[in-house]
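Please read the structure below before turning to the comments.
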Amino acid sequence: MGFNDTRPLPESGFLNVWNSGPSHKKGGIPMQIEWLENFDSALSDAKRAHKHVLLDFYNPL
Amino acid sequence: MGTVTYPNSKVIDFFSKRLVPVRALINSKPLPQRFKVQWTPTLVLLDDQGEEHHRTVGFLAPEELLPALMLGIGKSYFDREMYKESEQVLEQLLQECPKSDAAPEAAYYLGVGRYKNTHNPEELKRTIDSLQKNYPGSEWTKRASVYQLL
């Protein structure tokens, strides 16, 4: 899937940040997608920011 | 998606501005069961109440992912009778990605949304005219064909 993270996956099935390195911004512009870990938190964030939630179901194999 | 699409700068920018993204393993609980997801990759677009309005199954390159997401957002607004918001995002899709796979459906919903907002049947006639001109082979043109009779 494009990253070399070898950490065991949590029971929840969620990954905190899907990337191969630390999340960062360059000049305030995001350099990668920052995936959320918790669905309910995502809904709260979406309400607050007037955004939509995108669920990405994937298979790591 | 991870190696080709998600690292794309336009995709990253769009996600940052419009979406709260969540990833879930297909064999996890409870989201795959709740949203009846059986295959990967599957993307499900929800409003901020957690209601589904659009989904895609299968790989999407950046040039198709962005219009697919815009279509989903447009349909989300349409479903909630937010016709001005729907019109805005669907117009953007058609302007920026007119040859995308999502474009014919976007053109359909744009026209239907305008009709719903104005109650003017001329909007439906304009819809079929536009679809026939720009997307003559599309299923959405077939679905709008009855508007020729108005």
Side-chain angles (χ1 to χ4, degrees), chain A, chain B residues 1-9 11-57 59-60 65 68-70 72-77 85 89:
Chain A
M1 293 297 287
F3 68 103
N4 296 315
D5 195 329
T6 58
R7 292 172 293 173
L9 293 166
E11 283 296 314
S12 66
F14 288 107
L15 286 178
N16 189 13
V17 179
W18 183 86
N19 61 67
S20 58
S23 169
H24 64 279
K25 294 185 179 181
K26 188 174 181 181
I29 300 171
M31 298 299 289
Q32 56 200 13
I33 295 170
E34 296 195 6
W35 298 92
L36 259 65
E37 179 175 312
N38 182 278
F39 179 63
D40 292 329
S41 297
L43 284 180
S44 297
D45 287 356
K47 282 192 188 74
R48 196 164 41 246
H50 303 290
K51 293 182 178 180
H52 287 74
V53 173
L54 184 71
L55 299 179
D56 178 353
F57 295 92
Y58 75 104
N59 187 333
L61 298 176
Chain B
M1 303 279 281
T3 52
V4 175
T5 302
Y6 290 147
N8 179 280
S9 60
V11 171
I12 293 170
D13 185 59
F14 185 91
F15 270 60
S16 171
K17 288 176 179 168
R18 302 300 297 254
L19 300 173
V20 179
V22 179
R23 296 200 90 193
L25 283 165
I26 189 62
N27 58 356
S28 67
K29 295 181 191 306
L31 289 183
Q33 295 75 28
R34 176 174 167 180
F35 290 98
K36 296 181 170 50
V37 174
Q38 291 291 327
W39 192 247
T40 64
T42 293
L43 301 179
V44 182
L45 188 95
L46 313 175
D47 62 30
D48 61 10
Q49 302 299 311
E51 295 294 327
E52 177 178 349
H53 294 277
H54 189 65
R55 69 169 58 191
T56 70
V57 178
F59 170 78
L60 290 171
L65 174 62
L69 294 175
M70 283 193 273
I73 292 170
K75 288 168 68 177
S76 168
Y77 287 134
E85 291 84 349
V89 71

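The sequence lines fix the lettering, A, B, ..., with proteins before strands; numbering per chain opens at 1. Computation of the quantities below employed the complete heavy-atom set of this structure, encompassing side-chain atoms and omitting hydrogens, waters and symmetry-equivalent molecules.
Ring orientation note: the planes of F35(B) and F39(A) are nearly perpendicular, at an angle over 60° on the 30°/60° scale.
The NE2 atom of H52(A) sits 9.0 Å away from the CG atom of L46(B) when rounded to the nearest 0.5 Å. To the nearest 0.5 Å, atoms OH (Y58(A)) and CD1 (I26(B)) are separated by 11.0 Å. Taken from OG1 in T56(B) to CG in D56(A), the straight-line distance is 8.5 Å, to the nearest 0.5 Å. Rounded to the nearest 0.5 Å, atoms CG (L43(B)) and CG (L55(A)) are 9.0 Å apart.
Summarising the geometry of I33(A) relative to P21(B), their closest heavy-atom pair is CG2-CG, 3.8 Å, with the distance given to 0.1 Å.
Contact annotation for V37(B): only side-chain heavy atoms (C-beta onward) come within less than 4.5 Å of a heavy atom of chain A. For E52(B), no part lies under 4.5 angstrom from a heavy atom of chain A.
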Criterion side-chain contact (heavy atoms from CB on, under 4.5 Å) on F57(A) and Q38(B), from CA distance to verdict
CA-CA 9 Å; F57(A) 295 92; Q38(B) 291 291 327; over 6 Å; no
Could you give me the CA-CA distance, side-chain angles and deciding distance for K51(A) and L19(B), then say whether side-chain contact (heavy atoms from CB on, under 4.5 Å) is met?
CA-CA 5 Å; K51(A) 293 182 178 180; L19(B) 300 173; 5.8 Å; no
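When the candidates R55(B), H54(B), Q49(B), H53(B) are compared by the number of heavy-atom contacts under 4.5 Å with chain A, Q49(B) comes out ahead. Per-residue heavy-atom pair counts under 4.5 Å with chain A were compared for V20(B), I12(B), L69(B), T40(B), and the maximum is reached by V20(B).
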